[in-house]
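Here the structure is laid out as structure tokens; the discussion comes afterwards.
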There are 2 protein chains.
Amino acid sequence: MDIPKELRDSGLKATLPRVRILQLFQDGQHKHMSADEVYLLLHREPSDIGLATVYRVLMQLVDARILVRNQFESPVAVFELNQGGLHDHLVCTSCGQLEEFCDDALEHRQEEVARKLGFALREHSLSLYGTCVRCASEAGPSPKIRRS
Amino acid sequence: MDIPKELRDSGLKATLPRVRILQLFQDGQHKHMSADEVYLLLHREPSDIGLATVYRVLMQLVDARILVRNQFESPVAVFELNQGGLHDHLVCTSCGQLEEFCDDALEHRQEEVARKLGFALREHSLSLYGTCVRCASEAGPSPKIRRS
DNA sequence: CTGAGTGCAAACTTTTTGCAGCATG
DNA sequence: CATGCTGCAAAAAGTTTGCACTCAG
């Protein structure tokens with residue numbers, strides 16, 4: 001899809017930082033990125049886009065519903081394309097591998113629980129933490145995630 | 001339960017900061033607290049417990065499985081007593097009201113999904129966001145949560 | 001008594017903001 | 001060419017750490 005157009009359709013000027021950042025997400029190389037990771041990727045080739053701009057652009061893209069912000073366990077926010085559905089995550093606590101999934105039964109049951117408690121459900125965030133096959137089979141996988 | 005004993009059973013000396021902090025949680029007045037809230041509550045009566053100590057104690061209590069750390073939408077970590085089960089949350093995005101629940105069907109289904117994707121599930125974090133009855137009925141409820 | 005624990009202040013990390021200049025539409 | 005956007009640097013906000021002193025066991 002034409003990125004400048006997509007931006008303009010959302011009421012944003014198609015400036016270089018915005019185009020480059022959105023491109024990073026659409027390239028699909030890295031589906032989940034923190035502001036910092038975006039900044040580093042941008043600067044793999046010379047660029048003078050500032051970190052503050054990265055934060056501003058990410059926020060605008062979230063407001064424009066182009067991206068979604070996730071706040072897994074750590075205090076760093078992580079962004080990804082808003083692909084409707086697919087907002088649930090399964091994180092390997094050994095290697096950090098991240099799987100996405102969308103399960104209708106789960107979504108359904110959540111609706112039900114919320115209704116039972118008198119809430120109108122608007123959003124949800126479900127993250128499962130465990131060990132992926134690869135790490136489970138290895139003897140002592142080095143924990144890259146957090147010390148907690 | 002005897003708080004000093006509970007601490008010693010976990011291998012922690014029963015020091016004043018630890019006792020007072022754990023007391024705050026067991027009093028049940030505030031089930032969910034950030035480090036900052038704990039610090040403020042402690043200082044409602046004169047006290048020289050430092051914020052750094054609050055953070056250290058909270059971390060130790062989490063390590064000791066007495067507390068659980070939650071990272072809802074915002075970047076602030078929120079702590080609560082580890083009551084086994086009951087780890088899911090329903091947050092009203094208008095007034096901030098927080099309901100806890102535990103739904104076997106959901107837990108079960110999560111296990112299943114994880115297994116299907118080849119993961120050994122260890123933990124999960126589910127947060128539902130919506131509008132509670134009270135806020136839904138009011139005209140324009142003031143959003144106290146965050147602007148995102 | 002003695003090491004674990006503490007208070008304070010300073011460092012760190014992540015994110016936000018103020019402002020003067022730049023570039024898009 | 002006007003305003004929205006940007007880069008930089010500085011400030012916030014949340015959390016962690018270094019160090020000398022204190023207190024629980």
Side-chain angles (χ1 to χ4, degrees), chain A residues 2-22 32-43 46-64 66-67 69-79 145-148, chain B residues 2-23 32-43 46-64 66-67 69-79 144-148:
Chain A
D2 184 20
I3 292 187
K5 183 171 188 320
E6 187 170 354
L7 287 169
R8 264 183 251 108
D9 286 352
S10 300
L12 298 168
K13 283 189 183 176
T15 62
L16 183 66
R18 306 221 256 238
V19 173
R20 296 256 276 126
I21 289 174
L22 184 45
H32 298 83
M33 288 184 278
S34 64
D36 214 64
E37 285 162 352
V38 169
Y39 179 81
L40 287 175
L41 280 178
L42 287 176
H43 286 255
S47 155
D48 61 351
I49 300 176
L51 182 54
T53 299
V54 171
Y55 275 102
R56 278 186 287 231
V57 170
L58 288 174
M59 196 199 290
Q60 293 155 353
L61 294 181
V62 169
D63 286 347
I66 296 173
L67 296 184
R69 164 191 281 193
N70 276 104
Q71 186 90 43
F72 300 120
E73 289 226 290
S74 82
V76 267
V78 172
F79 300 82
I145 288 276
R146 48 180 287 111
R147 26 153 223 74
S148 161
Chain B
D2 184 20
I3 292 188
K5 184 172 187 320
E6 187 169 356
L7 287 169
R8 264 180 252 109
D9 285 353
S10 299
L12 298 169
K13 283 190 184 177
T15 62
L16 183 67
R18 307 220 255 238
V19 173
R20 295 256 277 127
I21 290 175
L22 184 45
Q23 216 156 38
H32 298 83
M33 289 184 277
S34 64
D36 215 62
E37 285 163 353
V38 168
Y39 179 81
L40 288 176
L41 280 178
L42 287 176
H43 287 255
S47 155
D48 61 350
I49 300 176
L51 182 55
T53 299
V54 171
Y55 275 103
R56 278 185 289 231
V57 169
L58 288 174
M59 196 198 290
Q60 293 154 354
L61 294 180
V62 169
D63 284 348
I66 295 173
L67 295 183
R69 165 190 282 193
N70 277 103
Q71 187 90 45
F72 299 119
E73 289 226 290
S74 81
V76 266
V78 171
F79 299 82
K144 285 184 196 162
I145 290 274
R146 51 180 288 106
R147 23 152 223 75
S148 157

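Proteins come first, then strands; the chains are lettered A, B, ... in the order of their sequence lines, and each starts at number 1.
- Where the helix from C:dC1-D:dG25 to C:dG25-D:dC1 starts and where it ends, the local axes point in directions that differ by 40°; five pairs per end, rounded to 10°.
- Taking atom CD of B:Gln60 as the reference point, atom P of C:dA4 lies 12 Å away to the nearest angstrom.
- With B:Ser10 contributing its side chain and B:Leu12 its backbone, the two residues share no donor-acceptor pair below 3.5 Å.
- Computed from coordinates, the A:Glu37 CD to C:dT13 P distance equals 15 Å when rounded to whole Å.
- Counting to the nearest Å, the P atom of C:dG5 and the CG atom of B:Leu58 are 15 Å from each other.
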N/O donor-acceptor pairs under 3.5 Å from side chains in residues 34-42 of chain A, not counting sequence neighbours:
{"from": "A:Ser34", "atom 1": "OG", "to": "A:Glu37", "atom 2": "N", "distance (Å)": "3.2"}
{"from": "A:Glu37", "atom 1": "OE1", "to": "A:Ser34", "atom 2": "N", "distance (Å)": "2.9"}

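- Considering only residues two or more places apart in sequence or on other chains, B:Ile3 meets the side chain to side chain contact (heavy atoms under 4.5 Å, CB included) condition with B:Leu7, B:Val19, B:Leu22, B:Gln23, B:Gln26.
- Under the rule for a ring-ring contact (aromatic ring centres under 6.0 Å, His included), the partners of A:Phe72 that lie at least two apart in sequence or sit in another chain are A:His89.
- Nearest to the side chain of B:Val76, among D:dG14, D:dT6, C:dT15, sits D:dG14.
- Rounded to whole angstrom, the span from the OH atom of B:Tyr39 across to the P atom of C:dT6 amounts to 15 Å.
- Looking at residues 46-57 of chain B, you'll see B:Asp48, B:Ile49, B:Gly50, B:Ala52, B:Thr53, B:Arg56 sit with a heavy atom under 4.0 Å from some atom of DNA chain C.
- Remark: A:Glu73 CD to B:Asn70 CG distance equals 9.0 Å, nearest 0.5 Å.
- Atom CZ of B:Phe79 is separated from atom P of D:dG14 by 13 Å (rounded to the nearest Å).
- If you take NE2 of A:His43 and C1' of D:dC8, they are 12 Å apart, rounded to a whole angstrom.
- Note: CE (A:Met59) to P (C:dT14) measures 17 Å, nearest angstrom.
- The side chain to side chain contact (heavy atoms under 4.5 Å, CB included) search around A:Thr15 returns A:Lys13, A:Pro17, A:Arg18, not counting sequence neighbours.
- Between the CG atom of B:Leu67 and the CE atom of B:Met59 there is a distance of 12.5 Å, given to the nearest 0.5 Å.
- Applying the side chain to side chain contact (heavy atoms under 4.5 Å, CB included) criterion to A:Ala77, with sequence neighbours excluded, gives A:Arg69, A:Gln71, A:Phe79.
- Residues satisfying the salt bridge (charged side-chain N to carboxylate O under 4.0 Å, His left out) criterion with B:Asp9, sequence neighbours excluded, are B:Lys5.
- Separating the CG atom of B:Asp36 from the C1' atom of D:dT16 is a distance of 15 Å, rounded to the nearest angstrom.
- Without hydrogens or angle criteria, B:His43 side chain to B:Ile49 main chain gives a donor-acceptor distance under 3.5 Å.
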Produce the list of close N/O pairs, under 3.5 Å, pairing protein atoms with atoms of nucleotides 23-25 of chain D; give distances to one decimal.
{"from": "D:dG25", "atom 1": "OP1", "to": "B:Arg8", "atom 2": "NE", "distance (Å)": "3.1"}
{"from": "D:dG25", "atom 1": "OP1", "to": "B:Ala14", "atom 2": "N", "distance (Å)": "3.3"}

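- In this structure, CG on B:Leu58 lies 11.0 Å from CG on B:Asp63, to the nearest 0.5 angstrom.
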